Amino acid sequence: MSAADPRRAAQIVRAQRQNRVGQIIGWFFILLAYLLIAVIFLTPMLWMIGSSLRPSPEVFQYIFPLSWRTFIPLQFTLQNFADIFGISEQGRALGFQFGRALLNTAIVSTAVVGSSLVFNTLAAYFFARLEFPYKKLLLIFVLGTFFVPQEATIVPLYIVVRQLGFADTYWALILPWYASPFVIFVLSQFFQEIPRELDEAAIIDGASLLGVLRHVIVPNARVGLLTVSLLEFQFIWNLFFWPLIATGRKELQVIQVAVATQITQRDIAWGRIFAGGVVASLPVIFLFLALQRYFVEGVALSGLKG
């Protein structure tokens, strides 16, 4: 054994130790970054939850300096939740119907997602798998509508809805959103990843174009369909401007409009606003937690991350 062998072995051991130290430092900074991101995103949520569980006069009392009192109520109360659901005497007197608003929002969101999946899936299949003249030009036109500000279309859209006789109905909240250029684009990306040989094999077996869509495309694009369903549900659930304009009936109020009614010219009921915000956030959070595996996989496959 030469004298160089022990020195080489020592260098290898030293290099391995340095690699371990480097890995530990790298994992430390990654963990630190994750914690920082978690703090940035969770701090407003924790403050909202804490503010919903305290009397309104105490909401902004401990904002500065920042301390544990900012997030943990000193006078714990469920009065704000009792008010917005009409359980308390004050809530009944003011006629709060947050339960009805939640039901309305769930009905509208579910109906929009269901109709959106049908029509946008057909459109995405049209662009992703079929060949026809001016295909790219038409796709650019469809995607271009996605960049038109909602404020620019809100008045003509309301005029159309009113002339159709849908004002102050569920149809006014559902029909304007059954087609989405964003969903069409995302689904078309999923459909393009499916091998075309499967289409050809199904057609040889006698399947029609709709049969190919039903038996080949849809089963192989379930992750994409779940991803866009979650995104669409979240978008519709958080809508405020259009539901505020489309209907003036209290029986058709959605949750975001119901929360906004706590702001009046005389007073701002911060406690009830935060309680309503918590109630409005929970369904979306639970749905995301239940489907997060499909959502992450869908984002990775569709290229949304890039």
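Since we're looking at a predicted model, the values are computed, not measured.
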Notebook entry, point to check: Given the rule in the side chain to side chain contact (heavy atoms under 4.5 Å, CB included) test, do Leu225 and Val218 qualify, once you have shown the distances and angles that lead to the verdict?
Noted result: CA-CA 8 Å; Leu225 294 173; Val218 171; 3.8 Å; yes
Is any side-chain heavy atom of [X] less than 4.5 Å from a side-chain heavy atom of [Y]?
| X | Y | result |
| --- | --- | --- |
| Ile273 | Ile268 | yes |
| Val279 | Phe81 | yes |
| Asn80 | Leu53 | no |
| Leu74 | Arg54 | no |
| Val257 | Phe240 | yes |
| Gln256 | Pro243 | no |
| Val212 | Ile203 | yes |
| Asp199 | Ile217 | yes |

Identify the two heavy atoms, one from [X] and one from [Y], that lie closest to each other, and give their separation to 0.1 Å.
| X | Y | answer |
| --- | --- | --- |
| Leu213 | Pro219 | O-CD, 4.4 Å |
| Ile184 | Asn120 | CG1-OD1, 3.4 Å |
| Phe274 | Ser51 | CD1-CB, 3.5 Å |
| Thr261 | Gln253 | CG2-NE2, 3.7 Å |
| Ala167 | Arg162 | CB-CA, 4.2 Å |
| Ala280 | Val284 | O-CG2, 4.3 Å |

Margin query: Please confirm whether the ring centroid of Phe132 lies under 6.0 Å from the ring centroid of Phe126.
Written below: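 Yes; Phe126 has its ring centre under 6.0 Å from that of Phe132.
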Once rounded to the nearest 0.5 Å, what's the spacing between atom [atom1] of [X] and atom [atom2] of [Y]?
| X | Y | atom1 | atom2 | answer |
| --- | --- | --- | --- | --- |
| Leu173 | Asp168 | CG | CG | 9.0 Å |
| Trp177 | Leu239 | CH2 | CG | 5.5 Å |
| Ile255 | Thr105 | CD1 | OG1 | 5.5 Å |
| Trp27 | Leu32 | CH2 | CG | 14.5 Å |
| Ser188 | Glu193 | OG | CD | 10.5 Å |
| Asp83 | Leu78 | CG | CG | 11.0 Å |

Note to self: Can a donor-acceptor pair be found, under 3.5 Å and without considering hydrogens, that links the side chain of Ser115 to the backbone of Val112?
What the structure shows: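 Flag set: sc Ser115 to bb Val112 pair under 3.5 Å.
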Check: Between the side chain of Thr247 and the main-chain N/O of Thr169, is any donor-acceptor distance below 3.5 Å?
Finding: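 Pair absent, no side-chain N/O of Thr247 close to backbone of Thr169.
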Report, as yes or no, whether the 6.0 Å neighbourhood of atom [atom1] on [X] holds more than 12 heavy atoms from other residues, nucleotides or ligands.
| X | atom1 | answer |
| --- | --- | --- |
| Phe146 | CZ | no |
| Phe41 | CZ | no |
| Tyr170 | OH | yes |

Same cluster or not: [X] versus [Y], using hydrophobic residues (I, L, V, M, F, W, Y) connected whenever any side-chain heavy atoms lie under 4.5 Å apart?
| X | Y | answer |
| --- | --- | --- |
| Phe127 | Leu130 | yes |
| Val254 | Leu287 | no |
| Leu231 | Val186 | yes |
| Leu35 | Leu42 | no |
| Ile107 | Phe233 | no |

Item checked: Check ion pair Lys135-Glu131 (N to O, under 4.0 angstrom) ->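 Salt bridge present between Lys135 and Glu131.
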Next item on the list: List the steps, then state whether side chain to side chain contact (heavy atoms under 4.5 Å, CB included) holds for Ile236 with Thr110.
Entry: CA-CA 9 Å; Ile236 300 301; Thr110 304; over 6 Å; no
Next item on the list: For Tyr158 and Trp242, run side chain to side chain contact (heavy atoms under 4.5 Å, CB included): C-alpha distance rounded to whole Å, both residues' side-chain angles, the deciding distance at 0.1 Å, then the answer.
Entry: CA-CA 9 Å; Tyr158 177 76; Trp242 173 249; 4.1 Å; yes
Check: Between Ile40, Val39, Leu46, which is the residue that forms a side chain to side chain contact (heavy atoms under 4.5 Å, CB included) with Thr43?
Finding: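 For Thr43, the side chain to side chain contact (heavy atoms under 4.5 Å, CB included) check succeeds only for Val39.
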Next item on the list: Go through the steps for Leu187 and Tyr125 under the test side chain to side chain contact (heavy atoms under 4.5 Å, CB included), then give the verdict.
Entry: CA-CA 8 Å; Leu187 285 180; Tyr125 177 66; over 6 Å; no
Next item on the list: Could you label the plane-to-plane angle of the Trp171 and Phe166 rings as parallel, tilted or perpendicular, counting under 30° as parallel and over 60° as perpendicular?
Entry: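 Answer is tilted, since the angle falls between 30° and 60°.
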